[in-house]
Amino acid sequence: MLRALFLLLWEFSSNCYPGSLDRNKVAGKIVVCVASDFSISRRIRKMVVEDARGRGMILVNPEDTGVPFDSGTFPFIEVGGRYGTSILKYMNKTKNPKGTILAAVDVPGYRPAPSVAYFSSRGPGPLTENILKPDVMAPGVSILAAFPPKNVTGTVPAGEKPSWYALKSGTSMACPHVTGAAAFVKSVHPKWSPSMIKSALMTTATVFNNLGKPVMNNSRQSASPHEAGAGEINPIKALNPGLVFHTTTLDYLRFLCYYGLSNKDIKSLSPRTNFTCPSNSTNNDRLMSNLNYPSISIAVLSRRRIGRAATATQTITRTATNVGHVNSTYIAMVHAPSGLRVEVLPRKLVFTERVGRLTFRVVFNGTKAPRGYNYGSLTWRDGRRHLVRLVFAVNVE
């Protein structure tokens, strides 16, 4: 527990820029910094206050990122704009404002969760917008991870030994979760290919938080597929996805054709494959959307027909493999934004002992759709327990 006087530093000092604090005024006090300049990291601000001999620091961050910061042994707390405003009002109305920074505690059942972190990589992809980016989301904020112990002054309390664990955030924390989930699915289905496992994780991902509402981004808005992908992985549901979309070697080789690689280039990458690019496929990125992928993305869908380059409609093909009940019937359900017409042909898939794979088409019509990216989903439902969800992102121009 720490009790000390508050000190509010205005203008240049309020951001806690390096060299902006007066040691004579700061020493022994809790310093309130306002993060109006995001070019200065939390670590730098903390070091500035610590160097000025402050006893602690309160960072008012209007963005309220929700990502904790490891300040070592230095008392530090970060609050959002609402709580920050209350603190500033109290300080302005009180002659000798005082405060207490308590030790951090675990908050079980935090709500809402999950949400997309501010640092999470967003789509569309820089190389092609005809493959949805990202695929999925996974836990990556404040993960208790094994970590090489650091015995550096200010990181370990006096008399204590360095910990072998640390709370870390980032893609480097989310990736192990997905890897573990994939290994978990593989242990139950050893004959499944990597693309089948990927499909299972994507089509069974959840798009709702623990409040039963859509997953939000760091701006407290509903996260789009360019932020959350297909949703957050659910390893248990991925064990029994019902249908999977198996992306074959042929799919990937055709992708290279669509991207612009020549037959010679592809031959050098896959010398044992007797493959030739289909006619009129080289450097035709529109065809990338037909990669048998467990999501759909269209980079350009015109609102009106203009020559051969752009059309008001585009047909996407997918092939589903039944990995559930042998005799199953799936019905298509479409959730699309107003104005974007989406037609599934056929709307019913009937799998039998002899028919384990079926192909369907999804026709997108952007004639009356609003410009920009339109997001939605196509879900195949068997009436039992399987909901096979494919998210889509269609850019209407």
Side-chain angles (χ1 to χ4, degrees), residues 34-39 42 59-69 78-86 107 109-126 129 131-143 169-171 173-174 177-178 201-234 295-299 301 333-340 342 364 366 368-379 387 389-397:
V34 181
S36 59
D37 183 353
F38 298 104
S39 65
R42 292 180 291 186
L59 179 63
V60 179
N61 186 352
E63 293 296 319
D64 194 14
T65 62
V67 179
F69 167 65
E78 182 174 4
V79 299
R82 183 162 62 93
Y83 291 110
T85 299
S86 298
V107 182
Y110 179 81
R111 298 185 179 191
S115 60
V116 182
Y118 77 95
F119 57 77
S120 183
S121 180
R122 265 73 165 170
E129 295 186 27
I131 300 294
L132 183 66
K133 174 190 176 180
D135 287 325
V136 290
M137 60 184 290
V141 177
S142 295
I143 305 301
S169 301
T171 303
M173 295 295 102
H177 280 84
V178 180
L201 290 170
M202 289 179 64
T203 59
T204 60
T206 180
V207 292
F208 297 102
N209 59 28
N210 53 9
L211 294 177
K213 297 181 179 180
V215 169
M216 297 187 296
N217 56 26
N218 59 292
S219 298
R220 304 298 182 187
Q221 302 296 319
S222 294
S224 75
H226 278 147
E227 296 171 310
E232 184 172 72
I233 58 172
N234 187 324
S295 62
I296 298 173
S297 184
I298 299 177
L301 180 66
M333 299 183 300
V334 175
H335 176 72
S338 177
L340 181 67
V342 182
F364 293 90
K368 298 181 180 180
R371 296 186 186 277
Y373 267 101
N374 290 249
Y375 304 106
S377 64
L378 160 63
T379 303
L387 294 173
R389 184 172 178 270
L390 289 85
V391 298
F392 60 74
V394 180
N395 187 23
V396 179
E397 295 186 351

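We count residues from 1, following the sequence as given.
A search for side-chain hydrogen bond (donor to acceptor under 3.5 Å, both in side chains) contacts involving Asp135 returns Lys198, Tyr293, not counting sequence neighbours. The side-chain hydrogen bond (donor to acceptor under 3.5 Å, both in side chains) check on Ser36 picks up Asn15, with sequence neighbours excluded. By the side-chain hydrogen bond (donor to acceptor under 3.5 Å, both in side chains) test, Glu78 is found to be paired with Arg42, Asn61, residues two or more places apart in sequence or in another chain being considered.
When side chains are defined from C-beta on, Leu132 counts as touching Val391, because their heavy atoms get closer than 4.5 Å. Using a 4.5 Å heavy-atom cutoff, the side chains of Pro114 and Val215 are in contact. Residues Pro68 and Val141 form a side-chain contact, since some pair of their non-hydrogen atoms from C-beta on lies under 4.5 Å apart.
Partner of Tyr375 under the side chain to side chain contact (heavy atoms under 4.5 Å, CB included) criterion, chosen from Ser224, Pro337, Ser222: Ser224.
When all heavy atoms of Glu232 and Ala138 are compared, the pair lying nearest together is OE2-C, 4.1 Å. A pairwise comparison of heavy atoms in Val396 and Gly366 identifies CG1-O, 3.8 Å as the closest pair. Taking all atoms of both residues into account, the shortest heavy-atom contact from Gly80 to Val60 is O-CG1, 4.2 Å. When every heavy atom of Ser338 is checked against every heavy atom of Pro370, the shortest pair comes out as O-CD, 3.5 Å. Annotation for Ala228 and Ala223: closest pair CB-CB, 4.1 Å, computed over non-hydrogen atoms. Shortest non-hydrogen contact noted between Ala230 and Val207 is O-CG1, 3.4 Å.
With hydrogens and angles ignored, the 3.5 Å screen pairs no side-chain donor or acceptor of Thr203 with any backbone N or O of Leu390. Not one N or O on the side chain of Ser115 forms a donor-acceptor pair closer than 3.5 Å with the backbone of Met216. In this structure a side-chain-to-backbone donor-acceptor pair under 3.5 Å is present from His177 to Pro139. Side chain of Asn209 to backbone of Arg111: no donor-acceptor contact under 3.5 angstrom is found.
Taking CZ from Phe119 and OG1 from Thr171, the interatomic distance works out to 6.5 Å, rounded to the nearest 0.5 Å. To the nearest 0.5 Å, atoms CG (Asn218) and CD (Glu227) are separated by 7.5 Å. Atoms CD1 and OG1, from Ile233 and Thr206 in turn, are 11.5 Å apart once rounded to the nearest 0.5 Å.
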CA sep, side-chain torsions, deciding dist, call: Val116, Arg122, side chain to side chain contact (heavy atoms under 4.5 Å, CB included): CA-CA 10 Å; Val116 182; Arg122 265 73 165 170; 3.7 Å; yes
Residue pair Phe364, Ile296: steps toward the side chain to side chain contact (heavy atoms under 4.5 Å, CB included) verdict: CA-CA 11 Å; Phe364 293 90; Ile296 298 173; 4.0 Å; yes
Trace of the side chain to side chain contact (heavy atoms under 4.5 Å, CB included) decision for Phe392 with Val342: CA-CA 11 Å; Phe392 60 74; Val342 182; 4.1 Å; yes
Side chain to side chain contact (heavy atoms under 4.5 Å, CB included) assessment of Ser295 paired with Met202: CA-CA 8 Å; Ser295 62; Met202 289 179 64; 3.9 Å; yes
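Remark: Tyr83 OH is loosely packed, at most 12 non-hydrogen atoms of other residues, nucleotides or ligands lying under 6.0 Å away.
Under 3.5 Å, the side chains of Ser121 and Lys133 contain a donor-acceptor pair of N or O atoms.
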